[in-house]
Number of protein chains: 2
Amino acid sequence: MGATIRDVARAANVGLGTVSRVLNNSPLVSPATRQRVLNVIAELNYTPSQIARNFASGKTLTVATIAPFFTRPSVVERLRGIELMLSASNYNLVVFNVETVERRDVCLRDVPRRDRTDGLLVISLSPRPQEVAMLRQTGVPVVLIDTVADGMAGVYVDDVAGGDLATCHLIELGHRRIGFVGDSLEEVQAFNFTSSRNRLRGYLQALERYGIVPNPAYQRHGIHGRYEARVLARELLQLAEPPTAIVAASDTQAMGVLEAARDLGVEIPASLSVVGYDDIDIAEYLGLTTVHQPLFDSGARGVEILFAALSGEPVAPAHELLPIKLIPRATTAAC
Amino acid sequence: MGATIRDVARAANVGLGTVSRVLNNSPLVSPATRQRVLNVIAELNYTPSQIARNFASGKTLTVATIAPFFTRPSVVERLRGIELMLSASNYNLVVFNVETVERRDVCLRDVPRRDRTDGLLVISLSPRPQEVAMLRQTGVPVVLIDTVADGMAGVYVDDVAGGDLATCHLIELGHRRIGFVGDSLEEVQAFNFTSSRNRLRGYLQALERYGIVPNPAYQRHGIHGRYEARVLARELLQLAEPPTAIVAASDTQAMGVLEAARDLGVEIPASLSVVGYDDIDIAEYLGLTTVHQPLFDSGARGVEILFAALSGEPVAPAHELLPIKLIPRATTAAC
DNA sequence: TGGTACGATGGAACCAGTTCCAACAGACGA
DNA sequence: TCGTCTGTTGGAACTGGTTCCATCGTACCA
């Protein structure tokens, strides 16, 4: 464990540079010399110090990921895509979980530093213009996953189209009184999430296209979570004229809606249709109709874009659109 | 971004060592000098290079975690405990996801190196004696979470007791024909998981204590997963004399059992009782009776033990036992 | 008044690689 | 025969901190 590159050089009777060249697979070493050095390396059981390499080369061989609520199934699946991609490279994955606004801001400010990480992935949290400027200034390549921001690169899905898709599905099944359960607006704003907001926009857009006047009483917002969604959905179902269908901003929230229906003895899908969003693992189990988005791929593709930025010229700050599709299952039916 | 400690020293008209002392909050600096240095630091907008610090101090300020199938809800929850604990320190969390045996072996061999990480957490994967020896040789402090190995420190739950607890619960409800759905023995062996095996042992132990002869046909093993468990459970339920209750080695597998029951029109809990293990988030939603274990705490406590090892003398290779308890819900009833 | 102890300070040496330039040998063409 | 070019090679300089030892001034004590 104590052998250094100098020990190797001495023992192999070559220069420091030559050993370094062998370690880095430089072609500027004669086969004979290379072999001699390799022999000595094996003999001394030498492994170059990663930490010294990082220091000398100025690279950390690290990719940082800032993920909000990384226990949410959708986020975990994105992380899996990221991890799998990185595991095939020699970059390590450093994870920052964000569950409070303070931590969001701290992470976005402190993590992107050249001496801490070579590249940064940000999931779902959209940096604000001022933050974009700071990020750019650090010189650390950043790729956004599941969100967009002016002047940044990333992958995303069209959540407006997704919200529209879910709502259209219900309208075409004959529903007219359609509710929406989404994230609390304060939370969305504090974290600067974009998806719940856009899904709501898609919901409204679909209603409008079909000439349905949106009923504000049908739109409920609360902290993201099954329990909170359950409470909101119960309110909706207890209205004098309850909706016959509900669009949820995520599968987790859709589960809350299903719970509320169960609480009140409302039959699914006979008396209430429910559409979720994300198509997480459990959705199939529950027979939940939902909007599928490529979660794993979003992570993997994000890493690919980051790699391009790491190993070449600055990548165009373009956003790549991933496809979505509606998966009809057992929680939706004709009105 | 270009300022170095030497620039600061020059500008503040002090020595290198003094600046270093200020940075590290050493008491060996007079208040006046400290203030002067701090002013210059602010003026030059200087931040010490993390990478250089790491190199010079020989620390990586990194804790690595090797986690098998880190998308499984139980693993994610442990990771959350780990992340939250680390976020309060200045250690970063580097995650290695293990989904194949090859990667297990590679990670266990390559990750624990002093120049890569300061400490290592291993979730659920028990190192074999030979691996324990190698780990020890590296000098990297290691803490096991959810498993044990001779000569290593860690936190765990008594899975034998847990399997026993689940089975007793069923026996006391009057069940005698009790099935078990667990992980494939090859998979368990290849990864060297301990929990499924121990839960089976607890199941057998409980049967024996009550004088029930275990029926080998009632014990099924398959790759861990909902779908596989569903197939296994279907086999069990289609036996000439099917079990009236099933113990699953995890909540995920219990969900597969519930699906199988649904497939075959078997009423839960009227005709079949089901007990899971882990008490993951979704268990409550499903009304699944299960054995609760402190997932979050296991991660957090693992980090605490690791910190003790990092900042002091070698910790005793002791295993800390965390409590478990049975949570009776709606999937179990009297026979 | 001299000796001692201690707080404060400066800076050389060090960590273990990478990078880059000078130098050299041998092949080859003029 | 000499210059040139190319493929190899050696090693100084560099990355930016930490550590530790020598030094200095001053307060305190005998």
Side-chain angles (χ1 to χ4, degrees), chain A residues 1-41 44-62 90 113-118 139 310-311, chain B residues 1-41 44-62 90 113-118 139 310-311:
Chain A
M1 272 300 116
T4 74
I5 199 172
R6 271 160 251 267
D7 299 329
V8 175
R10 206 172 309 127
N13 203 23
V14 295
L16 276 184
T18 302
V19 180
S20 180
R21 265 167 240 134
V22 170
L23 289 176
N24 295 290
N25 290 314
S26 159
L28 298 175
V29 190
S30 74
T33 310
R34 156 162 289 126
Q35 195 51 55
R36 187 147 41 93
V37 172
L38 288 175
N39 288 344
V40 172
I41 286 176
L44 297 182
N45 193 22
Y46 165 78
T47 46
S49 157
Q50 193 57 59
I51 205 170
R53 276 185 122 156
N54 293 348
F55 175 55
S57 65
K59 309 198 147 286
T60 62
L61 286 189
T62 269
N90 45 12
R113 286 184 37 196
R114 292 203 79 80
D115 54 311
R116 282 194 94 186
T117 190
D118 291 349
L310 284 175
S311 67
Chain B
M1 274 301 115
T4 74
I5 199 173
R6 272 161 250 266
D7 298 330
V8 174
R10 207 173 309 127
N13 204 24
V14 296
L16 275 185
T18 302
V19 180
S20 180
R21 263 166 243 135
V22 170
L23 289 177
N24 294 290
N25 291 315
S26 158
L28 297 175
V29 191
S30 75
T33 308
R34 157 164 287 128
Q35 194 50 56
R36 186 147 44 93
V37 172
L38 287 176
N39 288 342
V40 171
I41 286 177
L44 297 182
N45 193 21
Y46 164 79
T47 46
S49 158
Q50 192 57 58
I51 204 170
R53 278 186 121 155
N54 293 347
F55 175 56
S57 65
K59 308 197 147 289
T60 62
L61 286 188
T62 267
N90 45 12
R113 286 183 37 198
R114 293 204 79 80
D115 54 313
R116 282 194 96 187
T117 191
D118 292 348
L310 285 175
S311 67

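Remember, predicted model here, so these are calculated numbers, not experimental data. Here is how names work: the chains are called A, B, and so on, in the same order as the sequence lines, proteins then strands, and each is numbered from 1.
Remark: B/Ser26 pairs with B/Arg21, B/Leu28 by the side-chain contact (heavy atoms from CB on, under 4.5 Å) rule, at least two apart or across chains. For A/Asn24, the side-chain contact (heavy atoms from CB on, under 4.5 Å) criterion is met by A/Ser20, A/Arg53, not counting sequence neighbours. Taking B/Ala12 as the reference, B/Val14, B/Val37, B/Val40 meet the side-chain contact (heavy atoms from CB on, under 4.5 Å) condition, with sequence neighbours excluded.
Judged by distance alone, with hydrogens and angles left aside, the side-chain atoms of B/Asp118 form a donor-acceptor pair with the main-chain N or O of B/Leu61 at under 3.5 Å. With A/Asp115 contributing its side chain and B/Gln50 its backbone, the two residues share a donor-acceptor pair below 3.5 Å. Side chain of B/Thr117 to main chain of B/Thr62: a donor-acceptor pair is present (N/O by atom type, distance under 3.5 Å, no hydrogens or angles).
Comparing the axis of the opening five pairs of the helix from C/dT1-D/dA30 to C/dA30-D/dT1 with that of the closing five pairs yields an angle of 50°, rounded to 10°.
Rounded to an integer number of Å, the gap from CG of A/Asn54 to C1' of C/dC15 is 14 Å. When the P atom of C/dG11 is taken as reference, atom CG of B/Asp7 falls 15 Å away, rounded to whole Å.
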Encode nucleotides 9-19 of chain D as B, S and - characters from 5' to 3', where the letter depends on protein heavy atoms closer than 4.0 Å: B to the base, S only to sugar-phosphate, - to neither. BBB---BBBBB

When you look at B/Ile41 and B/Leu23, which way does the side chain to side chain contact (heavy atoms under 4.5 Å, CB included) test go after all the steps? CA-CA 10 Å; B/Ile41 286 177; B/Leu23 289 177; 4.0 Å; yes

Please output the side-chain donor-acceptor pairs of residues 2-10 of chain A that fall under 3.5 Å, not counting sequence neighbours, one pair per line with the distance.
unit_1: A/Thr4; atom_1: OG1; unit_2: A/Arg6; atom_2: N; d: 3.1
unit_1: A/Thr4; atom_1: OG1; unit_2: A/Asp7; atom_2: N; d: 3.4
unit_1: A/Asp7; atom_1: OD2; unit_2: A/Thr4; atom_2: N; d: 2.9

